[in-house]
Protein chains: 2
Amino acid sequence: MSIVLNAARGGTSAAPFRFSPVIAANAAENARLSLSENLRPLQRISVRMRYGRNETIFGEGDAADHSYKVISGTVRLCKYTGDGRRQIADFVGDGDFFGFLDLADHSFTAEAVTDVILLSYPRSQIDRLGETMPAVRKHVLRLLSENIAAMQRHLVLLGRQTAREKVASFLLRMAERAGLGEGERLDMPIGRQDVADHLGLTVETVCRVLGEFRQKRLVMVPNLQQIVLSNVAALRAVCEG
Amino acid sequence: MSIVLNAARGGTSAAPFRFSPVIAANAAENARLSLSENLRPLQRISVRMRYGRNETIFGEGDAADHSYKVISGTVRLCKYTGDGRRQIADFVGDGDFFGFLDLADHSFTAEAVTDVILLSYPRSQIDRLGETMPAVRKHVLRLLSENIAAMQRHLVLLGRQTAREKVASFLLRMAERAGLGEGERLDMPIGRQDVADHLGLTVETVCRVLGEFRQKRLVMVPNLQQIVLSNVAALRAVCEG
DNA sequence: CGACTGATTGATACGTCTCAAGGATAGTGG
DNA sequence: CCACTATCCTTGAGACGTATCAATCAGTCG
């Protein structure tokens, strides 16, 4: 009776992408329609929400009666094991939608990585709009489909890639999302521990790999919140091995 | 303009489940509606297909103009890296649907694990049916949502579980899917290499863990195609650590 | 029966984790 | 503005888990 939603980019996706795809299907992901355009009818039923750093937006198992769009900030979507291990399924940021799954309860937890402003849509209203507006239905479907394709790529990363490949893939994907080219500063509001929990690594390993990349001049790290990819070709070479 | 689909069970899901859920959300998965009932209108537009063992049903990147339902046999949905490594996202079997993603090209490869009989639905026709039949739309949405929830659980497995936990989780999930209880024979048409590529392990590690479980009397392996879970409680204990 | 594919077991190497210490950064209160 | 503290990041040494490589065994098909 409710929905959880998951990441899919909808924002100002007309941004230029100077990267060729890291992984095959990324090109398609970037070429995706401007989802936000077709989900504009949702605007009228939205409520603005604000969450502070590390605040929980909803927990796994909570009744899922709202879906969300990120206005500003970054959100992590994750699951916890009984003994506290954490796996971050995805990060969603500016313009991304999440929590659109058609399930009674949320299948994952959503937490604010930074201070965050969201639009919240009552699930019942989305369903209602969907009844009469095929474009809305179509784009929820597209949202979920893109999300599944992205998760499949992440399964490959978690199951079959080395630490170096994981970190390189991650950096390239972040830059691509931001529409940044070689040499530009990439804002990284995401901490090392969060990166590790997304890539199936430990913080220490993430640090070591980043250090190695820095030494080899693949990246520069001007400060903790920013990274510059100085050699995209080499990073892409690392990805496949 | 087409669709890829992914796994979600729709078959004779009224079968009794004697297992309590391995992972939290599995209960919900089992309690899912009888999807096949609501997708019955698809029956009229279906074409019966037959594939032999290891035959490719469609490849990643192929135009996705059909969706499928498994009548008999087992199919693996997987992705390959440039250098040949393979990650199996899921296995689908009797009564399961796959290939319903709303994307132009398939985001993964589908291959027959055993000889397989499928129903094939033209995507254009599914879309047409969806226009007029809300129940069809609703259930495609549910299909994708269940699929995403299942993939999220698998992300945790790949990113945060040990080899023992992975194999134990896999065995419990297989038994649950089949609706089997402790001591009953579980048919496992899936080879060890396929299991390994699903769990992010090597064949050797899968064998070693199975051997260990056999020694500890958690399972019996009467032959290569069958496994008996003799101590479900212990296996479940292994899952969390 | 013989050849092939897949499964198993063993010995060893390697990658990543774990544990521990030190350094940087940001937030807080004087 | 600075000291203080908490948090996060970084680096190192060693342990551990899984991969790798190699050989044997079992089951299947011709």
Side-chain angles (χ1 to χ4, degrees), chain A residues 52-54 74 76 81 83-88 111 113-115 157-168 170 187-216 219-227 238 241, chain B residues 52-54 74 76 81 83-88 111 113-115 157-168 170-171 187-215 219-227 238 241:
Chain A
R53 186 172 141 80
N54 286 326
T74 301
R76 62 177 170 254
T81 65
D83 58 348
R85 284 172 284 180
R86 182 178 69 165
Q87 176 63 42
I88 297 178
E111 299 165 339
V113 174
T114 62
D115 288 353
L157 181 145
L158 289 178
R160 287 293 177 237
Q161 295 198 254
T162 65
R164 280 181 192 81
E165 292 168 352
K166 286 174 174 182
V167 174
F170 177 73
D187 279 310
M188 270 276 300
I190 302 162
R192 303 288 190 265
Q193 181 65 62
D194 282 2
V195 173
D197 285 346
H198 182 49
L199 301 179
L201 299 170
T202 59
V203 209
E204 293 94 330
T205 299
V206 171
C207 281
R208 274 185 260 270
V209 172
L210 274 179
E212 184 188 321
F213 286 175
R214 195 160 40 73
Q215 266 197 322
K216 292 181 178 169
V219 305
M220 292 191 307
V221 186
N223 61 65
L224 284 180
Q225 323 282 335
Q226 293 188 313
I227 293 189
V238 169
Chain B
R53 187 172 138 80
N54 285 326
T74 301
R76 60 175 170 255
T81 65
D83 58 347
R85 284 172 284 179
R86 183 177 68 166
Q87 175 64 41
I88 297 178
E111 300 164 339
V113 173
T114 63
D115 288 353
L157 181 146
L158 289 177
R160 288 291 177 237
Q161 296 197 255
T162 66
R164 282 182 191 82
E165 292 167 352
K166 286 174 174 181
V167 174
F170 176 73
L171 292 175
D187 278 310
M188 270 277 300
I190 301 162
R192 302 288 190 264
Q193 180 65 63
D194 281 2
V195 173
D197 285 346
H198 182 49
L199 301 180
L201 298 171
T202 59
V203 209
E204 293 93 331
T205 299
V206 171
C207 281
R208 273 186 259 270
V209 172
L210 274 179
E212 185 188 320
F213 285 175
R214 192 161 41 71
Q215 267 197 320
V219 304
M220 292 192 307
V221 187
N223 62 65
L224 283 180
Q225 322 284 331
Q226 293 188 314
I227 293 188
V238 170

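Remember, it's a predicted structure, so these values are computed and weren't measured experimentally. In the text below, chain A, chain B and the rest are named by the order of the sequence lines, each starting its count at 1.
- The distance from atom CG of A:L210 to atom P of C:dT16 is 14 Å, rounded to the nearest whole Å.
- Side-chain contact between A:T114 and A:R53: absent, with no pair of heavy atoms (C-beta onward) separated by less than 4.5 Å.
- For B:N54 and D:dC29, the CG to P distance is 13 Å, given to the nearest whole Å.
- Across all strands, A:L224 comes closer than 4.0 Å only to sugar-phosphate atoms, never to a base (heavy-atom distances).
- Panel note: side chain A:Q87, backbone A:D197; a donor-acceptor pair is recorded below 3.5 Å.
- One can place CD of A:E212 at 10 Å from P of C:dT16, the figure rounded to the nearest angstrom.
- Within the 4.5 Å cutoff, no side-chain heavy atoms of A:E165 are placed close to those of B:T81.
- Summarising the geometry, atom CG belonging to A:L201 is positioned 10.5 Å from atom CD belonging to A:Q193; distances are rounded to the nearest 0.5 Å.
- Heavy atoms only, all atoms of each residue included: A:A163 and A:T205 are closest at CB-CG2, 3.7 Å.
- A distance of 13.0 Å separates NE2 in A:H198 from CZ in A:R76, rounded to the nearest 0.5 Å.
- Residue B:N223 contributes atom CG, which lies 14 Å from atom C1' of C:dG6 at whole-angstrom precision.
- Atoms CG (A:L157) and C1' (C:dT16) sit 15 Å apart, rounded to a whole Å.
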Between the protein and nucleotides 16-23 of chain D, are there any N/O to N/O pairs under 3.5 Å, and if so, what are the atom names and distances?
unit_1 : atom_1 : unit_2 : atom_2 : d
D:dT18 : OP1    : B:A163 : N      : 2.8
D:dA19 : OP2    : B:T202 : N      : 3.3
D:dA19 : OP2    : B:T202 : OG1    : 3.0
D:dA19 : OP2    : B:T205 : OG1    : 2.4
D:dT20 : O4     : B:R208 : NH2    : 2.8
D:dC21 : N4     : B:E204 : OE2    : 2.9

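- Rounded to whole Å, atom C1' of C:dA24 lies 13 Å from atom CZ of A:R214.
- For the pair B:D197 CG and C:dG6 C1', the interatomic distance rounds to 14 Å; values are reported in whole Å.
- Summarising the geometry, the separation between CZ on A:R192 and P on C:dT16 is reported as 18 Å, rounded to the nearest angstrom.
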